[in-house]
Protein chains: 2
Amino acid sequence: MSEDGQEGDPVEIWCAGEEWCAVTATASLIGKKWHPVIVDRLLTNGPLGFNALKEAVDGISSKVLSDSLEDLEERGIVTREVISEKPFRVEYDLTERGRDLGPVIDAMRTWGKAHLVPADERES
Amino acid sequence: MSEDGQEGDPVEIWCAGEEWCAVTATASLIGKKWHPVIVDRLLTNGPLGFNALKEAVDGISSKVLSDSLEDLEERGIVTREVISEKPFRVEYDLTERGRDLGPVIDAMRTWGKAHLVPADERES
DNA sequence: CGGCATCCACATGGATACTG
DNA sequence: CAGTATCCATGTGGATGCCG
């Protein structure tokens, strides 16, 4: 910040070609506490309204969900579409780029299920 | 915290069986700014000493590296072995569990390389 | 070499309440 | 329904310096 043309932790233009850079940048995306859950939810339950998504994520406050969705929008992961004005309805959905996170989420889930033991069958 | 037998953001016993939980827990691990890089570095460059690792990660301060390694140790991702006492040497390496993060890192890298454009060839 | 001790700045998440 | 507005606690990273 206050350096060049970048603002904060910007869109999707961080790094050039270095391998680990793509990794870190991706980490800064799915490392946010709720981001992976939101993406997972949208992957599974299709397009969702704000409160429906809030229900699906379960445990998130509206402020944080709002913040997260804004972040995900800016990064081109989710889309926000206003469905109707009078009974005000919107729908959040994943972009192509967002759907491409599927394998990442899945790898994470696989690892988690393999190594995060359920609190009672700890071996060694 | 201050609930039951857990302390802070503990070892590896968060969630029981729910799918998204494994995802979130994994995110809390690889979401720390330097964790994925450290793991990646150790995956690539084999066992490393503290300063060698610091070099390899490039840009991290000793305090943060120290914190990160402690965290990763507690979670059973890396091992710390004292090689020699007199010229004091240690070596950090990945555990089996740590190596299993390979696919996750890889999925992240793949996504990153596909969607994080290098700041000059943005094609909307 | 391999850290730890401080201190600090800022990001992130959360609770609660209120609005169009 | 779909958020915004506050305010606050904590987490997380970073700079610098010192130590065994």
Side-chain angles (χ1 to χ4, degrees), chain A residues 1-3 6-10 14 24-25 27-38 41-42 47-75 78-93, chain B residues 1-3 6-10 14 24-25 27-38 41-42 47-75 78-93:
Chain A
M1 12 303 197
S2 79
E3 281 243 42
Q6 305 188 321
E7 55 271 289
D9 203 357
W14 295 284
T24 324
S28 92
L29 174 66
I30 43 73
K32 307 297 184 66
K33 185 165 178 183
W34 297 104
H35 285 198
V37 194
I38 294 171
R41 257 46 224 141
L42 288 174
L48 288 172
F50 187 86
N51 283 317
L53 188 52
K54 188 160 179 282
E55 288 298 303
V57 169
D58 187 39
I60 196 172
S61 74
S62 26
K63 180 225 174 190
V64 175
L65 178 55
S66 188
D67 288 354
S68 302
L69 286 171
E70 190 180 348
D71 189 22
L72 290 170
E73 248 188 284
E74 280 172 10
R75 300 180 190 235
V78 307
T79 56
R80 187 193 116 118
E81 189 180 357
V82 178
I83 300 298
S84 68
E85 287 287 355
K86 269 297 305 236
F88 192 40
R89 292 229 78 223
V90 296
E91 262 186 3
Y92 291 95
D93 202 359
Chain B
M1 8 296 195
S2 79
E3 281 241 42
Q6 304 187 319
E7 57 270 288
D9 203 357
W14 295 283
T24 324
S28 93
L29 175 66
I30 41 74
K32 306 297 185 69
K33 183 166 179 181
W34 298 103
H35 287 198
V37 194
I38 295 172
R41 258 46 227 140
L42 288 174
L48 290 172
F50 187 86
N51 283 318
L53 189 51
K54 188 160 177 284
E55 288 298 304
V57 169
D58 185 40
I60 195 171
S61 74
S62 26
K63 181 228 174 189
V64 175
L65 178 56
S66 189
D67 288 354
S68 302
L69 285 171
E70 190 181 346
D71 189 21
L72 289 169
E73 248 188 284
E74 281 173 9
R75 299 180 191 234
V78 308
T79 55
R80 187 191 118 120
E81 189 180 358
V82 178
I83 300 298
S84 68
E85 288 286 356
K86 269 299 303 243
F88 193 39
R89 293 230 77 223
V90 294
E91 263 186 1
Y92 292 94
D93 200 1

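A, B, ... follow the sequence lines: proteins, then strands. Residue 1 opens every chain.
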Item to check | Residue pairs, two or more places apart or on separate chains, that pass salt bridge (Lys or Arg N to Asp or Glu O under 4.0 Å) and touch residues 49-65 of chain B | outcome: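 Only B:K63-B:D67 qualify under salt bridge (Lys or Arg N to Asp or Glu O under 4.0 Å).
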
Item to check | Pair listing, salt bridge (Lys or Arg N to Asp or Glu O under 4.0 Å) test, anchored in residues 79-90 of chain A, at least two apart | outcome: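 Listed once each, the pairs would be none.
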
Checklist entry - Could you run down nucleotides 3-8 of chain C 5' to 3' and tag each one B, S or - for protein heavy-atom contact under 4.0 Å? => result SBBB--

[X] has an atom [atom1]; how far is it from atom [atom2] of [N], in whole Å?
X: A:I38; N: C:dT12; atom1: CD1; atom2: P; value: 14 Å
X: B:D58; N: D:dG14; atom1: CG; atom2: C1'; value: 15 Å
X: B:K32; N: C:dG13; atom1: NZ; atom2: P; value: 12 Å
X: B:L72; N: D:dT12; atom1: CG; atom2: P; value: 12 Å
X: B:L53; N: C:dC1; atom1: CG; atom2: P; value: 14 Å
X: A:E81; N: D:dG3; atom1: CD; atom2: P; value: 13 Å
X: A:L65; N: C:dT16; atom1: CG; atom2: P; value: 18 Å
X: A:I83; N: D:dA2; atom1: CD1; atom2: C1'; value: 13 Å

Interatomic spacing from [atom1] in [X] to [atom2] in [Y] - rounded to 0.5 Å:
X: B:L53; Y: B:R41; atom1: CG; atom2: CZ; value: 9.5 Å
X: B:L29; Y: B:T24; atom1: CG; atom2: OG1; value: 12.5 Å
X: A:I38; Y: A:D71; atom1: CD1; atom2: CG; value: 9.0 Å

Item to check | 4.5 Å side-chain heavy-atom contact, B:W34 and B:L65 | outcome: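 Counting from C-beta outward, B:W34 and B:L65 never come under 4.5 Å.
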
Next on the checklist: Just so I know, are the side chains of B:L72 and B:Y92 near enough to count as touching, which here means a heavy-atom distance under 4.5 Å?
Outcome noted: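 With C-beta onward as the side chain, the pair stays apart.
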
Item to check | Proximal nucleotide (of C:dC1, D:dG13, C:dT12) relative to the B:V64 side chain | outcome: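 It is D:dG13.
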
Item to check | A:F88/A:V82 under side chain to side chain contact (heavy atoms under 4.5 Å, CB included): CA gap, chis, key distance, verdict | outcome: CA-CA 8 Å; A:F88 192 40; A:V82 178; 3.7 Å; yes

Checklist entry - Within the structure, does a side-chain N or O atom of B:W34 lie under 4.0 Å from either OP1 or OP2 of D:dG14? => result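 Yes, B:W34 has a side-chain N/O under 4.0 Å of OP1/OP2 on D:dG14.
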
Item to check | Under-4.0 Å side-chain N/O to phosphate OP1/OP2 contact, B:K33 with C:dA11 | outcome: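 Answer is no, no contact under 4.0 Å.
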
Next on the checklist: At 10 degrees resolution, what angle do the end axes of the helix from C:dC1-D:dG20 to C:dG20-D:dC1 form when each is taken over five base pairs?
Outcome noted: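 For the helix from C:dC1-D:dG20 to C:dG20-D:dC1, the axes at opposite ends meet at about 50°.
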
Item to check | With B:K33 via salt bridge (Lys or Arg N to Asp or Glu O under 4.0 Å) - residues at least two apart | outcome: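 Salt bridge (Lys or Arg N to Asp or Glu O under 4.0 Å) list for B:K33, sorted by chain: empty.
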
Next on the checklist: On DNA chain D, compare the nucleotides closest to A:G49 and B:S61; which residue's is nearer the 5' end?
Outcome noted: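 Of the two residues, A:G49 wins.
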
